[in-house]
Amino acid sequence: MLRIAVPNKGSLSGPASAMLHEAGYQQRKESKELVLVDPENEVEFFYLRPRDIAIYVSSGKLDIGITGRDLLLDSGADAEEILQLGFARSTFRYATKPGTAGDVEDFGGMTIATSYEGIVAAHLAESGIDASVVHLDGAVETAIELGVAQVIADVVETGTSLRNAGLEVIGKPIMTSEAVVIRRTGADGEDPKVQQFLRRLQGVLVARSYVMMDYDCRVEHLEQAVALTPGLESPTISPLHHEGWVAVRSMVAAKEAQRIMDDLYALGARAILTTAIHACRL
């Protein structure tokens with residue numbers, strides 16, 4: 001069986017299980033379950049702490065795993081990402097009290113508090129900055145107020161919590177992160193079981209990003225309509241019983257669907273419908 005690590009809690013857990021369910025895999029019903037066997041799909045899921053997943057995968061005990069790019073890089077594990085999943089996106093940045101530093105180059109001799117010691121140490125070394133790094137778990141905003149550090153490095157979403165703590169973001173983002181599928185570095189990239197798993201997840205990603213659009217169009221406007229809905233290869237076009245009209249079916253990006261429907265209607269197309277795509281293979 002294919003052995004897969006899945007986050008057991010946190011912001012990665014729910015979306016990861018939802019995506020796996022959409023891809024046709026069984027998922028646990030109780031949060032206390034640590035292992036779930038899906039015999040029909042020949043997969044065994046292990047629910048682990050997100051921070052530990054890269055370590056387990058790099059050891060070769062598990063074939064692949066779902067975790068965050070930030071956790072993968074921070075672990076220093078011998079593993080690599082093979083598919084981006086598009087959820088749990090975040091930006092990792094430095095912050096400090098106003099007037100403490102103007103940019104990263106000013107951090108020399110300071111202490112930086114973070115939950116991601118590996119990422120920060122690597123970034124400082126790459127930037128040639130001689131600063132100390134102290135590891136803290138949980139919220140690190142109070143580290144400056146309590147005198148533990150002069151700078152923090154943490155995930156920044158809206159920046160509200162930083163402003164509430166009297167801090168400001170300094171310099172460019174250290175990195176951006178999202179949920180990713182990982183495997184041990186150097187593992188067989190052509191493993192058919194792994195490839196099937198990746199195809200299923202890719203199918204979910206496409207299904208979430210596209211809708212199927214159907215509409216009726218007069219023949220003389222067909223080329224203009226097709227230019228609006230080119231599809232992945234080309235649209236499906238079928239003659240209608242009513243002479244001079246054709247039915248068109250095409251996949252379009254979900255975020256563009258409403259605009260395209262407006263443009264098609266203005267062109268004279270009618271009976272314009274969109275339907276959700278639940279699964280696909282490209």
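The figures here come from the full heavy-atom set of this structure, side chains too, leaving out hydrogens, waters and symmetry mates.
In terms of heavy-atom proximity, I152 sits nearest to E141 at CD1-CA, 4.1 Å. Nearest heavy-atom pair across A207 and A279 is CB-N, 4.0 Å. Contact detail for I55 and S58: the closest heavy-atom pair is O-OG, 2.9 Å. When all heavy atoms of I260 and M213 are compared, the closest pair comes out as CG2-SD, 3.8 Å. Across all non-hydrogen atoms, the minimal contact from P7 to A16 is CD-CB, 4.2 Å. When all heavy atoms are compared, the tightest approach of G166 to P98 is O-CD, 3.3 Å.
Using a distance-only test at 3.5 Å, with no hydrogens or angles considered, a donor-acceptor pair links the side chain of R270 to the main chain of Y265. At distances below 3.5 Å, at least one donor-acceptor pair connects side-chain atoms of T96 with backbone N or O atoms of Q150. Between the D106 side chain and the T100 main chain, no donor and acceptor come within less than 3.5 Å of each other. When atom types are taken as modelled, the side chain of T114 and the backbone of A153 share a donor-acceptor pair closer than 3.5 angstrom.
Remark: Y210 OH is loosely packed, at most 12 non-hydrogen atoms of other residues, nucleotides or ligands lying under 6.0 Å away. Taking a 6.0 Å sphere around CD of E42, one finds it holds 12 or fewer heavy atoms contributed by other residues, nucleotides or ligands.
The side-chain hydrogen bond (donor to acceptor under 3.5 Å, both in side chains) contacts involving residues 245-263 comprise D214-R249, E256-R259, R259-D263, where partners must be two or more places apart or lie in separate chains. Applying the side-chain hydrogen bond (donor to acceptor under 3.5 Å, both in side chains) test to pairs two or more places apart or on separate chains, those with a residue in residues 78-93 are R69-E81, D78-T185, E80-R183. Applying the side-chain hydrogen bond (donor to acceptor under 3.5 Å, both in side chains) test to residues at least two apart or on different chains, the pairs with a partner in residues 220-230 are Y215-T229, R218-E220. The side-chain hydrogen bond (donor to acceptor under 3.5 Å, both in side chains) pairs that include a residue from residues 13-22 are S17-Q27, E22-R208, where partners are two or more places apart or lie in different chains.
Cluster annotation: V155 is connected to V151 through the hydrophobic network of ILVMFWY side chains, with a link wherever side-chain heavy atoms come within less than 4.5 Å. Transitive grouping of hydrophobic side chains (ILVMFWY, heavy atoms separated by less than 4.5 Å) brings L124 and I170 into a common cluster. A single hydrophobic cluster is seen to contain both V226 and L228, as judged by linkage of ILVMFWY side chains at heavy-atom distances under 4.5 Å, directly or through other members. In the hydrophobic clustering of ILVMFWY residues, with side-chain heavy atoms under 4.5 Å counting as a link, V204 and V252 come out apart. Both L2 and L83 are part of a single hydrophobic cluster, where members link through side-chain heavy atoms under 4.5 Å apart.
In this structure, I53 shares a hydrophobic cluster with L34, V35, F46, L48, Y56, V57, L62, L72, V180, I182, the cluster being traced through Ile, Leu, Val, Met, Phe, Trp and Tyr side chains under 4.5 angstrom apart. If you chain together ILVMFWY residues whose side-chain heavy atoms come under 4.5 Å of each other, M1 ends up grouped with V37.
R51 pairs with exactly one of D74, D70, T67 by the side chain to side chain donor-acceptor pair (under 3.5 Å) rule, that one being D74.
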Practice task
Give the intermediate values and the outcome of salt bridge (charged side-chain N to carboxylate O under 4.0 Å, His left out) for residues D63 and K193.
Solution key: CA-CA 10 Å; D63 300 301; K193 291 182 179 180; over 6 Å; no
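In this view, D154 satisfies the side chain to side chain donor-acceptor pair (under 3.5 Å) rule with no residue, not counting sequence neighbours. For the side-chain contact (heavy atoms from CB on, under 4.5 Å) test, residues two or more places apart in sequence or in another chain that qualify with A247 are D216, L240. Residues passing the side chain to side chain donor-acceptor pair (under 3.5 Å) test with R200 are N41, sequence neighbours excluded. R199 is linked by a side chain to side chain donor-acceptor pair (under 3.5 Å) to nothing, counting only residues two or more places apart in sequence or in another chain. Partners of D103 according to the side chain to side chain donor-acceptor pair (under 3.5 Å) rule, which considers only residues two or more places apart in sequence or in another chain, do not exist here.
Ion pairing between E145 and K97 holds under the 4.0 Å rule for side-chain N and carboxylate O.
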Between side-chain atoms of residues 125-136 and protein atoms elsewhere (two or more places apart, or another chain), which donor-acceptor pairs fall under 3.5 Å?
{"from": "S127", "atom 1": "OG", "to": "H123", "atom 2": "O", "distance (Å)": "2.9"}
{"from": "H135", "atom 1": "NE2", "to": "D137", "atom 2": "OD1", "distance (Å)": "3.0"}

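Between the CZ atom in R163 and the CD atom in E168 there is a gap of 11.5 Å [rounded to 0.5 Å]. Interatomic distance, I144 CD1 to L146 CG, rounded to the nearest 0.5 Å: 10.5 Å. Here the straight-line distance linking atom CG of D38 with atom CD of E44 works out to 10.5 Å at 0.5 Å rounding. The line from CD1 of I119 to CG of L73 is 5.5 Å long, rounded to the nearest 0.5 Å. Between atom CD of residue E178 and atom CG of residue L12 there is a gap of 10.5 Å, rounded to the nearest 0.5 Å. Note: K9 NZ to Y47 OH = 16.0 Å, rounded to the nearest 0.5 Å.
Using bins of under 30°, 30° to 60° and over 60° for the plane-to-plane angle, the ring pair Y25/F197 lands in the tilted bin.
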